[in-house]
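So the structure is just underneath, and the comments pick up after that.
Quick note on labels: first sequence line is chain A, next is B, and so on, each numbered from 1.
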Amino acid sequence: MHDVLLRTYGPQHWWPAQSAFEVVVGAYLTQNTSWKAVERSLDNLRASGVLSIEGVRVTSIEQLRKLIRPSGFHTRKASALKAFVELLDRDYSGSLDVMASVPIETVRGYLLQLPGVGPETADAILLYALGHSVPVADQYLSRLAERHHLIELPLARGRRGYHTLALLTQEAFSGDVDRDRQYLYGEFHALTVELGKAHCRKIAQCKGCPLEPDLANLPKGGPSHKT
DNA sequence: CGCCAGGCCGTGT
DNA sequence: ACACGGCATGGC
């Protein structure tokens, strides 16, 4: 799948950000929100000089809320961003580099305890902001895995479903010893998102989907669930 | 106008 | 352990 999508869409060079902290902010803001809307919030933060650790640290939660309004759920996301910086200050000297030097499982545990941070946000931060080799799963990947019968339907959803998909991704790339896994995880997630953006609603019929040859082998009747 | 977006959380079974 | 609704706003 990765190679087919790579040939179709080309290298994605994810995550689209100018700094590690911008990755963190983007990971929060894009929760159930289109990236287009996130970009406007990021522009607002940048224009106000708030798109930095210090910026979030010194900005009031009310002001933060106004700036990120375009990307929705601003009440939750503003306080969640504050909580992240508080964790950073309290346990990692206010430095993402320090956070990146701590064992991955330890950091993941702390991230998951933060408000507004679930498995996908935590892994996106670990991979794209902290430079760890961690697969990232999402709804797009879940749909793809279901359609291609790579996992049983009961395993596709919920917290268990996320872990199953992440493990599946890890195993799928484990045999590739020539390419860098961190890079592959990053690009694969980016490519599945790109596929989702282009074919999210059409993937049921999958007309023009680059993975169509594989989807053509689906059982008669095809997928019945919503995409 | 209605659907949905690169989830997460609290509540109810 | 899941299913379900709420969270907010803007694009299409």
Next on the checklist: By the side chain to side chain donor-acceptor pair (under 3.5 Å) test, which pairs, at least two apart or in different chains, include something from residues 104-118 of chain A?
Outcome noted: A/Arg108-A/Asp123

Item to check | salt bridge (Lys or Arg N to Asp or Glu O under 4.0 Å) pairs, two or more places apart, involving residues 31-46 of chain A | outcome: A/Glu22-A/Arg46, A/Asp43-A/Arg46

Item to check | P-based separation of B/dT11 from C/dA8 [nearest Å] | outcome: 16 Å

Item to check | For atom CD1 of A/Ile68 and atom C1' of C/dT9, their distance in whole Å | outcome: 11 Å

Next on the checklist: Keeping A/Tyr128 on the side-chain end and A/Gly186 on the backbone end, is there a donor-acceptor pair under 3.5 Å?
Outcome noted: yes

Next on the checklist: If we ignore hydrogens and angles and just use 3.5 Å, is the side chain of A/Ser41 paired with the main-chain N or O of A/Ile68 as donor and acceptor?
Outcome noted: yes

Item to check | Earlier contact from the 5' end, DNA chain B, for A/Leu114 and A/Pro16 | outcome: A/Pro16

Checklist entry - So do the side chains of A/Leu29 and A/Trp35 get within less than 4.5 Å of each other, counting heavy atoms only? => result no

Next on the checklist: Measure CG/A/Asn44 against C1'/C/dG10 and give the value in whole Å, please.
Outcome noted: 13 Å

Would you tabulate the pairs of protein nitrogen or oxygen atoms and nucleotide nitrogen or oxygen atoms of nucleotides 2-4 of chain C closer than 3.5 angstrom?
none

Next on the checklist: Could you tell me if the side chain of A/Glu187 sits less than 4.5 Å from the side chain of A/Trp14, heavy atoms only?
Outcome noted: yes

Next on the checklist: Output the rounded distance in Å from CD (A/Gln113) to P (B/dC9).
Outcome noted: 12 Å

Item to check | Separation of atom CG in A/Leu42 from atom C1' in C/dT9, rounded to whole Å | outcome: 15 Å

Item to check | Under-4.0 Å side-chain N/O to phosphate OP1/OP2 contact, A/Thr30 with B/dA5 | outcome: no

Checklist entry - Of A/Leu112 and A/Tyr128, whose closest DNA chain B nucleotide lies nearer the 5' terminus? => result A/Tyr128

Next on the checklist: Using whole Å, what does the distance between atom C1' of nucleotide B/dC9 and atom OH of A/Tyr28 come to?
Outcome noted: 14 Å

Nucleotide N/O to protein N/O under 3.5 Å, stretch nucleotides 5-8 of chain C:
{"residue": "C/dG6", "atom": "N2", "partner": "A/Arg76", "partner atom": "NH1", "Å": "2.9"}
{"residue": "C/dG6", "atom": "N2", "partner": "A/Arg76", "partner atom": "NH2", "Å": "3.3"}
{"residue": "C/dC7", "atom": "O2", "partner": "A/Arg76", "partner atom": "NH1", "Å": "3.3"}
{"residue": "C/dA8", "atom": "OP1", "partner": "A/Thr75", "partner atom": "N", "Å": "3.4"}
{"residue": "C/dA8", "atom": "OP1", "partner": "A/Thr75", "partner atom": "OG1", "Å": "3.3"}
{"residue": "C/dA8", "atom": "O4'", "partner": "A/Phe73", "partner atom": "N", "Å": "3.0"}
{"residue": "C/dA8", "atom": "O3'", "partner": "A/His74", "partner atom": "NE2", "Å": "2.9"}

Checklist outcome for this item: To the nearest angstrom, the CG-P distance between A/Leu165 and B/dG7 comes to 13 Å

Next on the checklist: Quick one: does any side-chain atom of A/Lys82 pair with a main-chain N or O of A/Thr59 as donor and acceptor, under 3.5 Å?
Outcome noted: yes

Checklist outcome for this item: The complete set of side chain to side chain donor-acceptor pair (under 3.5 Å) pairs with one or both residues in residues 88-103 of chain A, sequence neighbours excluded, reads A/Arg57-A/Asp89

Item to check | Nearest-angstrom distance from the residue atom NZ of A/Lys197 to C1' of C/dG11 | outcome: 13 Å

Checklist entry - Just how far, in rounded Å, is C1' of B/dG7 from CG of A/Leu111? => result 15 Å

Next on the checklist: By the 4.0 Å heavy-atom rule, please label A/Val38 as base, sugar-phosphate, or nothing.
Outcome noted: nothing

Next on the checklist: If the condition is ring pair (Phe, Tyr, Trp, His ring centres under 6.0 Å), which residues does A/Phe173 pass it with, not counting sequence neighbours?
Outcome noted: A/His2, A/Tyr185, A/Phe188

